[in-house]
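Chain letters run A, B, ... following the sequence lines, proteins first, then strands; residues in each count from 1.
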Protein chains: 2
Amino acid sequence: MGKDLSQFIRNEAFLDKVVSAEEAASWIENGMNLGMSGFTLFGEPKEFPLALSKRGEKENFKINLYTGASLGPTADQSMAEAGIINLRVPYQGNAVMRKKINAGELFYIDQHLSHTAEEVRKGTLGKIDYAIIEAAAITEDGYIIPTGSVGNSPIFVEKAENVIIEINTTAPSAYEGLHDIYVLKEQGERREIPIYSVGDRIGEIGIKVDSAKVKGIVLSEQPDIPSPLFEPNEETQQIADNLLEFFANEVKEGRLPNSLAPLQSGVGSVANAVLNGMKTSQFKDIEVASEVLQDGVFDLIDAGVVKFAVGTAFSLSKKRVESLAEDLEKYKGKIMFRPQEISNHPEVIRRLGVISFNTALEVDIYGNVNSTHVSGTKVMNGIGGSGDFARNAKITIFVTPSLAKNGAISAIVPFVSHIDHTEHDVDVIVTEQGYADLRGLPPVKRAEKLIEIAHPKYRQQLRAYFEEAKETVGGHTPHILEKAFSFHKNLKEKGTMLFDE
Amino acid sequence: MGKDLSQFIRNEAFLDKVVSAEEAASWIENGMNLGMSGFTLFGEPKEFPLALSKRGEKENFKINLYTGASLGPTADQSMAEAGIINLRVPYQGNAVMRKKINAGELFYIDQHLSHTAEEVRKGTLGKIDYAIIEAAAITEDGYIIPTGSVGNSPIFVEKAENVIIEINTTAPSAYEGLHDIYVLKEQGERREIPIYSVGDRIGEIGIKVDSAKVKGIVLSEQPDIPSPLFEPNEETQQIADNLLEFFANEVKEGRLPNSLAPLQSGVGSVANAVLNGMKTSQFKDIEVASEVLQDGVFDLIDAGVVKFAVGTAFSLSKKRVESLAEDLEKYKGKIMFRPQEISNHPEVIRRLGVISFNTALEVDIYGNVNSTHVSGTKVMNGIGGSGDFARNAKITIFVTPSLAKNGAISAIVPFVSHIDHTEHDVDVIVTEQGYADLRGLPPVKRAEKLIEIAHPKYRQQLRAYFEEAKETVGGHTPHILEKAFSFHKNLKEKGTMLFDE
């Protein structure tokens with residue numbers, strides 16, 4: 001490849017391990033469990049999964065694939081297309097893979113992102129046969145320097161029988177120093193996670209690995225994978241404005257300072273656009289304690305709104321991918337990546353008092369949230385870290401446009417078709433219509449607030465259901481079970497949730 | 001009362017504060033927020049709420065009542081009957097109160113029991129006007145010694161504008177030393193909770209209170225309130241046997257030692273009977289890290305199965321209430337009570353790796369659990385601490401008989417009518433038919449396991465739904481929304497979930 005390998009592999013014990021991706025892929029046997037780096041398309045190996053997929057076109061074998069979160073076209077997609085995945089855990093977001101999952105051709109377990117490392121420790125997912133980790137370098141001391149995500153790589157490396165490192169020779173050298181790797185001991189033998197303020201550095205700059213366990217090193221020049229991010233539009237700007245109004249009111253009431261509290265924002269276009277909308281806000285010196293750092297976070301650092309941001313992975317648009325090497329230098333000391341078990345850990349989130357906002361797919365009139373399943377059956381991406389944050393945050397917010405599919409779908413429904421976050425965990429819902437502050441309210445009062453932020457064209461239908469449920473059934477949480485999914489039924493039969501269209 | 005008060009009120013600054021319950025009750029104004037001690041009928045004030053209820057018979061006023069958990073006939077029931085409660089938080093279990101809640105005459109917020117203290121700190125529930133705390137004594141140093149529960153008393157005392165202490169002169173003096181009171185600072189300003197093994201003592205023996213805040217001391221001779229506990233029967237013994245078989249298999253597979261892991265068991269007859277069934281098990285030296293200590297725990301200490309137990313409250317049968325004074329001496333150094341925020345804290349549960357088992361009302365074929373609502377509308381007691389433990393435990397187990405109402409109700413249904421614990425948080429379901437180990441399984445494989453532990457008379461119906469859903473709708477989590485509540489519909493129309501009866 002014409003580059004001086006000793007620049008990337010700085011420990012001699014590793015230098016003779018370089019093999020082709022094809023050779024590394026040939027080591028994988030049918031039924032093996034692979035723990036792969038990668039989270040929201042960042043930090044994943046690319047040459048190895050491509051080679052494994054290629055092998056899968058000719059040979060009959062299946063593997064179980066565990067990662068940090070979603071992988072991209074060279075990994076999740078190529079492996080799904082090759083039909084070599086039996087089970088995928090804990091999060092995915094690729095259209096081809098999603099289709100296979102929903103067709104029953106590929107098994108998927110949708111897991112809280114802070115839980116996967118514990119499941120690996122407990123052995124619930126079997127032993128990890130191979131950890132395959134993208135790296136920017138291997139240091140003199142034998143540490144793997146991850147690239148644009150940490151995810152579950154530390155626990156995969158610790159527990160794997162064999163490790164394959166995919167050195168990406170195009171990775172900016174400034175990745176070194178970005179990471180804060182802290183690995184928990186077994187339950188019952190561990191101490192506290194000593195994070196008391198967002199920026200506390202508690203771990204090491206890389207993942208310690210025993211060279212004897214490293215079976216091979218693959219080289220890659222594959223570039224980082226950008227995520228498509230819609231530009232903010234009128235609707236997302238309105239959602240952002242409503243969220244900002246809520247924050248402003250919290251400050252006014254003396255419940256939050258002007259720097260708010262450590263902020264977590266979900267992955268995706270709506271969340272990113274909402275962040276974007278905060279650029280011109282009154283808030284200053286915000287700390288971000290998130291899972292994924294999107295474009296919006298950097299824009300907020302530039303705007304002087306955010307002063308420090310911690311997460312476990314990037315998810316960047318094409319523009320930010322292109323400026324990444326410069327940006328890593330520019331934002332040095334202002335951003336940090338930890339393992340997803342730590343970024344999403346209940347202990348840390350609760351101690352710091354994080355404000356969390358994530359995107360909802362569907363919300364019911366009592367405040368239960370569906371983040372994952374369309375009409376209760378077809379999974380989209382997965383719950384991700386939304387549950388880790390929602391349950392433990394100081395204020396738990398979900399944002400969603402009130403309508404989808406050009407008005408055929410109302411985001412507020414009588415009964416959500418799948419529940420990922422229960423009424424016990426949801427504080428505030430924001431749509432472009434306004435915000436519903438559900439804190440301190442019993443179910444029937446929550447319904448009043450939530451119907452108000454539904455789209456006007458669905459309010460009457462929602463109110464009719466609610467009133468009928470109160471009158472004919474009653475109870476603490478009035479529901480007419482026979483009509484609970486009437487919106488979904490109408491959608492299925494007539495292509496819209498609107499009854500009289 | 002003929003007793004030497006200085007024996008109970010050992011600090012002179014408090015001695016002149018003794019008033020009648022009627023006088024103390026007269027201080028309460030319409031709209032006030034009361035934080036009351038008490039949890040599963042233990043440790044609650046009794047004379048004060050009785051006097052307040054009496055006042056409510058003649059005067060028009062309503063208060064908001066916040067507690068640890070459920071209060072008994074002299075508190076929750078008398079106040080509900082008097083119609084003086086506007087809002088009740090976070091858990092209740094009284095039949096009169098429940099009826100009023102489900103009739104819409106009394107508002108209720110069903111909250112994770114570890115969350116209430118944070119909500120008080122955040123101000124979501126308004127300021128606490130009065131804390132009313134049952135005590136065994138006030139020490140020389142001005143500490144309130146709680147009685148048979150700690151619950152939320154420390155945060156109520158800290159945040160209340162005024163404090164009323166109800167000294168129970170019949171409370172055993174051995175309550176002193178039972179408690180381990182540790183209060184968290186504000187989010188963002190606090191340190192870790194320094195519990196690294198179940199028995200670590202981290203706090204003080206009582207609740208520190210500023211005497212200037214104590215407006216009055218009420219005296220009481222009201223006895224502790226026993227809970228009805230069904231004796232174990234063939235069915236609960238079979239559930240216990242199945243759970244023990246699961247544990248035995250975990251030990252055999254090397255995933256658990258013979259002392260298991262710190263154990264949490266839910267409140268109620270089934271859970272207690274299951275504990276009872278463990279008396280003759282192979283397991284030894286178990287530590288209990290629970291919320292409520294029921295009879296079963298003491299029986300297990302006697303049997304040498306349990307060596308130490310921590311919780312936040314007692315819930316005892318008549319027999320154990322009668323022997324309580326002796327028992328407190330007998331089990332000294334083997335039991336400890338902490339604030340419910342600590343006993344149920346995600347940080348502690350996750351660090352210790354607790355095994356949690358709680359009772360489910362209803363479970364669906366994909367493993368979602370309803371703990372609270374009958375047919376989705378009428379609330380029973382509340383989620384309690386089940387969510388705190390279920391989300392964070394090392395192994396999360398729910399137990400339920402497969403049938404209720406003489407077979408008219410199946411505990412396993414296609415879609416639960418209310419979700420308290422999502423598929424993401426549930427590991428194992430146990431009925432008298434067997435156990436379903438859902439760990440590491442995608443939804444469709446979970447369904448196979450769960451249908452197997454439904455009662456035989458419902459298995460065919462469940463399988464028919466599942467097969468039809470897979471064939472006609474498909475998806476990651478196959479559901480036919482129009483038929484998802486068909487079992488509940490049949491129950492409503494025909495009095496049984498069984499279609500062909």
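- Interface check for chain A: of the options B/Leu481, B/Asp110, B/Thr124, the most heavy-atom pairs under 4.5 Å are formed by B/Leu481.
- Of the atoms belonging to A/Asp364, not a single heavy atom falls under 4.5 Å from chain B.
- Contact count versus chain A (heavy atoms, under 4.5 Å) is highest, among B/Gly126, B/Ala103, B/Pro442, for B/Pro442.
- Of the listed residues A/Glu118, A/Lys394, A/Arg98, the one with more heavy-atom pairs under 4.5 angstrom with chain B than any other is A/Lys394.
- The aromatic rings of A/His424 and B/His418 sit perpendicular, their planes meeting at an angle over 60°, well past the 30° parallel limit.
- For A/Ala484, the part lying near chain B is the side chain, with the backbone staying farther off; criterion is any non-hydrogen pair under 4.5 Å.
- In this structure, chain B has heavy atoms under 4.5 Å from both the backbone and the side chain of A/Ser114.
- Residue with the most contacts toward chain B among A/Arg255, A/His373, A/His488, A/Gln111: A/His373 (heavy-atom pairs, distance under 4.5 Å).
- Heavy-atom distances place the backbone of A/Val416, and not its side chain, under 4.5 Å from chain B.
- No other option in B/Asp420, B/Val198, B/Asp427 has as many heavy-atom pairs under 4.5 Å with chain A as B/Asp420.
- Looking at A/Lys470, neither its backbone nor its side chain comes within 4.5 Å of chain B, counting heavy atoms on both sides.
- Each of A/Lys489, A/Lys445, A/Lys185 has some count of heavy-atom pairs under 4.5 Å with chain B, and the biggest count is that of A/Lys445.
- Only the backbone of A/Leu441 comes within less than 4.5 Å of a heavy atom in chain B; its side chain stays farther off.
- Within the 3.5 Å criterion, the main-chain N or O of A/Gly387 finds a donor-acceptor partner in the side chain of B/Arg391.
- Panel note: side chain A/His115, backbone B/Asp425; no donor-acceptor pair is recorded below 3.5 Å.
- For the set B/Leu106, B/Ile383, B/Val89, the count of heavy-atom pairs under 4.5 angstrom toward chain A peaks at B/Ile383.
- Contacts between A/Leu352 and chain B at a heavy-atom distance below 4.5 Å involve the backbone alone (N, CA, C, O).
- Ion pairing between B/Glu347 and A/Arg351 holds under the 4.0 Å rule for side-chain N and carboxylate O.
- Between the A/Gln187 side chain and the B/Arg350 main chain, a donor and an acceptor come within less than 3.5 Å of each other.
- For A/Lys122, the parts lying near chain B are the backbone and the side chain together; criterion is any non-hydrogen pair under 4.5 Å.
- Of the listed residues (B/Arg121, B/Glu423, B/Glu189, B/Glu119), the one with the most heavy-atom contacts under 4.5 Å to chain A is B/Glu423.
- Of the residues considered (B/Arg439, B/Arg190, B/His479, B/Lys378), B/Arg190 shows the highest number of contacts with chain A, using heavy-atom pairs under 4.5 Å.
- Residue contact with chain B, scored on non-hydrogen atoms closer than 4.5 Å, is absent for A/Ser197.
- Residue A/Asn392 comes nearest to B/Pro346 through the heavy atom pair OD1-CG, 3.6 Å, listed as atom of the first residue, atom of the second, then distance.
- At a 4.5 Å heavy-atom cutoff, the contact between B/His345 and chain A is made by side-chain atoms alone.
- Taking the six-membered ring where tryptophan is involved, the planes of B/Phe415 and A/Phe485 are perpendicular, since the angle between them exceeds 60° and thus also 30°.
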Applying side chain to side chain contact (heavy atoms under 4.5 Å, CB included) to A/Glu482 and B/Lys492, what does each step give before you reach the verdict? CA-CA 10 Å; A/Glu482 310 89 88; B/Lys492 192 175 176 183; 3.2 Å; yes
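- Separating the NE2 atom in A/His476 from the CD1 atom in B/Ile109 is a distance of 8.5 Å, to the nearest 0.5 Å.
- For A/Val379, the parts lying near chain B are the backbone and the side chain together; criterion is any non-hydrogen pair under 4.5 Å.
- In this structure, no portion of A/Glu253 lies under 4.5 Å from any heavy atom of chain B.
- Both the backbone and the side chain of B/Val473 come within contact range of chain A, judged by heavy atoms closer than 4.5 Å.
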